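Notes follow once the structure below has been shown.
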There are 2 protein chains.
Amino acid sequence: MTAYEELLSKYKELKLFSTAGGILYWDMQTYMPPGAVMLRSEQLGVLTKIAHRMLVDPEIGKLLDLAEKDKDALDEVGRRNIHLYRKGYDEQTKLPEKLVGEIAKQSAIADEAWKKAKDSNDWKSFEPELQKSVDLAIERAEILKEVKGTSTVYDTLIDDYEPKMSADEISRVFSELRDGLVPLAEKYSEMSTKVDTSFLGKEIPIDIQRKIAVDVATTVGYDTTSETAGGRIDEVEHPFTVGYYDDVRITVKYHVDNFASALFAILHEAGHGLYEQNLNQEWKYQPLGEAASAGIHESESRFLENMIGRSPEFWKFYFPRLNELTGNAFSGIQMETVTKAANLVKPSKIRIEADEVTYSLHIIIRFEIERDLFSGKIEVSELPQVWNQKYEEYLGVKIETDTEGVLQDTHWGSGLYGYFPSYALGNIYDGMWFEQMNKDMPNWVGNLAKGEIIPAIDWHKKNIHVRSNLHDPGDLAKLVTGKSLTAKPFLEYLKAKYSKIFG
Amino acid sequence: MTAYEELLSKYKELKLFSTAGGILYWDMQTYMPPGAVMLRSEQLGVLTKIAHRMLVDPEIGKLLDLAEKDKDALDEVGRRNIHLYRKGYDEQTKLPEKLVGEIAKQSAIADEAWKKAKDSNDWKSFEPELQKSVDLAIERAEILKEVKGTSTVYDTLIDDYEPKMSADEISRVFSELRDGLVPLAEKYSEMSTKVDTSFLGKEIPIDIQRKIAVDVATTVGYDTTSETAGGRIDEVEHPFTVGYYDDVRITVKYHVDNFASALFAILHEAGHGLYEQNLNQEWKYQPLGEAASAGIHESESRFLENMIGRSPEFWKFYFPRLNELTGNAFSGIQMETVTKAANLVKPSKIRIEADEVTYSLHIIIRFEIERDLFSGKIEVSELPQVWNQKYEEYLGVKIETDTEGVLQDTHWGSGLYGYFPSYALGNIYDGMWFEQMNKDMPNWVGNLAKGEIIPAIDWHKKNIHVRSNLHDPGDLAKLVTGKSLTAKPFLEYLKAKYSKIFG
């Protein structure tokens with residue numbers, strides 16, 4: 001075996017091991033008996049520890065040195081594998097174990113403090129724990145800067161989720177995005193108030209919603225029923241997708257009086273799921289047999305949820321089918337009402353309740369705060385005030401309590417910094433895909449009305465999924481669309497859709 | 001940390017790791033998408049490999065040497081932990097990796113050959129693969145003899161499942177057992193033909209059977225519903241129990257026209273499950289925090305299935321409840337009919353369909369064949385002929401094809417030799433428990449009729465479960481009952497029950 005082959009053989013072990021951990025996580029959220037909580041947390045702890053040991057094995061360092069000497073003999077795939085392997089190895093080995101332990105411990109403490117603070121609207125009790133968390137994240141980022149080749153702390157944090165993306169570049173596209181979204185939000189939120197949305201609250205029994213979920217998942221190609229299916233749908237408190245290639249599971253939460261919530265959630269998670277299932281089979285168990293980034297992942301889920309799932313064409317096809325599945329619960333409702341209801345705009349305080357137009361504004365606020373926090377422009381103690389001011393400015397909503405403001409998200413308490421931008425980057429990538437799809441397949445949107453959804457998925461499979469992690473996300477977008485990162489196509493897509501729906 | 005403490009800390013990791021593998025196995029049998037078969041088999045393969053590496057770590061050998069020097073400073077628990085640890089370590093390290101690999105490979109080949117041979121009633125195609133399997137088992141046993149301190153190959157194989165038990169001792173109790181069972185089988189199979197069992201075939205919808213399963217499990221203390229439950233019931237092709245302390249899951253297969261099959265299966269698996277859940281909490285993650293043997297495990301499942309589940313007293317309590325749960329599907333059926341139907345005797349060709357009286361005869365046949373095969377008295381090629389002869393002699397049934405004869409069980413094809421005796425040893429231990437329970441709690445059987453089942457379970461918890469693996473199974477039986485292994489109590493239990501039911 002060459003050093004390169006030996007590295008791949010070790011990586012396969014590591015990957016099989018970590019994906020086994022994914023199933024244990026899924027089990028914990030779905031079917032695990034409640035009495036097993038402590039046991040499971042210890043099991044997951046040991047798996048993480050052993051996976052870490054496998055990754056920082058000095059033997060891997062030696063093999064990487066050897067393989068890098070022979071790098072020119074490798075093709076693009078081989079060189080990318082070595083690059084990703086090296087990056088992961090260096091990141092894991094450069095961090096002192098003590099710091100890794102402190103971060104894990106502080107994340108647990110801060111997360112607990114966040115839950116209490118949110119419940120009791122008590123920012124002050126959370127502030128010192130968040131400060132410690134932020135300080136540790138900075139300490140970690142200072143060490144990783146060299147490995148990642150980043151120049152600032154915040155760029156280093158972003159690189160964890162969106163490799164090679166920078167705060168400067170995100171600032172540029174987010175400012176473009178914000179300038180376009182603010183007037184759109186104003187215009188269509190006004191028009192949205194006139195839509196009769198009462199049918200959205202109609203009670204649809206959970207059993208029927210389960211059938212709808214399988215049907216809509218199948219419609220977009222996420223297979224849970226055939227003899228070779230690699231997917232499942234299960235019910236959880238907070239939906240997620242987990243898995244690898246041949247075993248990728250999505251989850252959902254049903255609400256009896258809000259069928260649309262589960263329907264869009266299924267589309268969203270199926271978007272994540274299809275990406276994982278369609279990764280390049282030749283690169284299974286290799287470093288590049290993975291998604292390109294969190295932002296690209298989000299582009300795939302949002303493409304299905306929003307660009308397909310909220311399009312008038314999709315509803316033209318799917319509403320009669322939905323009506324049939326519900327035993328004609330929606331007979332007599334106009335198609336115009338349906339598409340307007342699926343595309344309401346309503347500036348709100350809560351990110352996870354936001355619509356397609358205002359969602360990115362919630363993200364831009366979080367990004368700007370993170371950016372300014374990690375560059376030292378603002379202090380942790382100023383977060384509530386800055387938060388409320390930006391919500392007023394960008395969304396026109398007045399935040400009354402920190403619970404519905406700066407304390408609403410779990411991310412910062414859990415130590416996730418630099419993650420938020422991925423959500424809106426997903427929308428931006430989607431705009432770019434949308435524009436390119438229109439060039440490559442001019443009738444694809446119109447064909448959705450005939451139920452022809454798979455060709456759109458296949459475009460994503462060919463252009464994004466099978467490319468897996470061969471390219472950093474910015475390079476991937478450029479390769480697929482010929483363009484550098486730009487928010488314009490997403491804004492144009494929104495403008496066209498909304499003017500079509502609301503006139 | 002002392003060497004002993006360090007050993008325990010390493011064992012905890014190993015145990016958390018292997019129990020995580022148990023959940024992956026459960027998932028494979030229950031909810032895994034069908035397309036994931038290959039991925040899962042690779043995941044389980046890597047987990048096994050890493051667990052093996054963890055166990056044969058030379059550091060453990062050094063720590064064992066150190067801890068053994070200080071053994072006198074340890075109490076009974078500590079010494080037992082060291083003994084079990086040493087035994088496992090030596091067994092794993094003394095076997096050449098090459099041989100372990102060959103056995104794994106040959107087991108897969110022989111299992112595949114067995115499936116085909118059974119399907120096509122073609123013993124000859126299986127024979128050479130079985131011969132190779134047997135030869136490898138002998139090679140392995142010759143190496144392990146020294147570690148285990150056993151004197152023959154077959155004793156070594158038995159020791160894998162029933163530590164310190166010997167073929168001689170099993171021959172002694174099985175011959176006692178056979179002599180008692182043969183006349184019982186003759187007498188009651190004759191009387192069984194007159195019982196009207198038509199109600200057993202009544203169609204009970206699976207949804208109702210699921211409710212019965214939860215109800216009967218709860219009745220015997222296997223909790224699947226409370227906020228601290230550590231159990232679950234799921235549906236599989238071949239029922240099994242898997243888990244550890246706080247997360248022990250049982251499985252079942254429902255047949256719409258045979259409700260009794262699932263009901264007894266639930267009791268059987270709940271017996272296994274309660275044993276695992278009731279292991280001594282203080283010994284969790286330690287070598288002795290495990291069941292004492294396969295035979296003791298089987299005694300716990302058979303106690304619930306047969307001694308409780310087929311007793312007239314249990315049915316007096318449970319039949320009205322069953323009738324209610326089924327919407328009075330069984331109204332008008334006499335209690336006498338019910339208890340006779342639950343205790344039919346019918347000598348048959350197939351082990352897994354056997355009743356409480358004839359089941360052990362199936363096992364004795366397999367034991368005698370294994371014993372004579374591994375002592376060289378018979379050859380692999382003679383197995384079908386010996387099999388058929390013994391079935392005629394012990395059970396009075398004529399085997400027409402090898403498919404319904406020597407090819408019926410999966411064990412030998414999978415390389416499991418020395419395992420069969422555990423099943424009948426379970427019955428023998430049960431007889432001993434039954435006799436002792438009657439001394440300790442004279443009214444316990446009568447009280448079953450009032451639904452007081454938990455006191456019987458508690459007796460098992462106190463006398464067997466919490467003792468975990470502190471004693472080898474023979475010593476445990478002696479400690480609990482004051483007697484050496486004997487089949488008499490089991491035979492007396494059967495005689496008393498059958499004469500009570502059939503008169």
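Just so it is clear: chains get the letters A, B, ... in the order the sequence lines come, proteins before strands, and each one is counted from 1. From a predicted model like this one, the values you see are computed outputs, not experimental measurements.
At most 12 non-hydrogen atoms from other residues, nucleotides or ligands lie less than 6.0 angstrom from NZ of A/Lys461.
Considering B/Tyr89, B/Tyr4, B/Tyr85, B/Trp283 in turn, B/Tyr85 is the only one that fulfils the ring pair (Phe, Tyr, Trp, His ring centres under 6.0 Å) rule with B/Tyr11.
Ring to ring, B/Trp26 and B/Phe240 are not that close: their centroids are 6.0 angstrom or more apart.
The side-chain heavy atoms of B/His238 and B/Lys253, taken from C-beta on, include no pair separated by under 4.5 Å.
Ranked by heavy-atom pairs under 4.5 Å with chain A, the list B/Ala20, B/Pro34, B/Gly21 is led by B/Pro34. Counting heavy-atom pairs closer than 4.5 Å to chain A, the top-ranked of the candidates B/Met38, B/Met32, B/Arg249 is B/Arg249. Heavy-atom pairs under 4.5 Å with chain B peak, among A/Asp246, A/Leu16, A/Asp247, A/Thr228, at A/Leu16. Contact count against chain A (heavy-atom pairs under 4.5 Å) is highest for B/Asp27 among B/Asp27, B/Leu24, B/Leu44. Among the candidates B/Gly45, B/Gly230, B/Ala229, B/Ser226, the residue making the largest number of heavy-atom pairs closer than 4.5 Å to chain A is B/Ala229.
A cation-pi arrangement is present between A/Lys284 and A/Tyr245, with the terminal nitrogen or guanidinium carbon under 6.0 Å from the aromatic centre and inside a 45° cone about the axis.
Both the backbone and the side chain of B/Glu42 come within contact range of chain A, with heavy atoms under 4.5 Å apart. Looking at A/Leu47, the atoms closer than 4.5 Å to chain B (heavy atoms on both sides) all sit in the side chain, from C-beta outward. Of the atoms belonging to B/Lys12, it is side-chain heavy atoms, and not backbone ones, that fall under 4.5 Å from chain A. At a 4.5 Å heavy-atom cutoff, the contact between A/Lys49 and chain B is made by side-chain atoms alone.
Atom CD of residue A/Gln43 and atom CD1 of residue B/Ile23 lie 6.0 Å apart, to the nearest 0.5 angstrom.
Remark: the backbone N or O of B/Arg232 is paired with a side-chain donor or acceptor of B/Tyr222 at under 3.5 angstrom.
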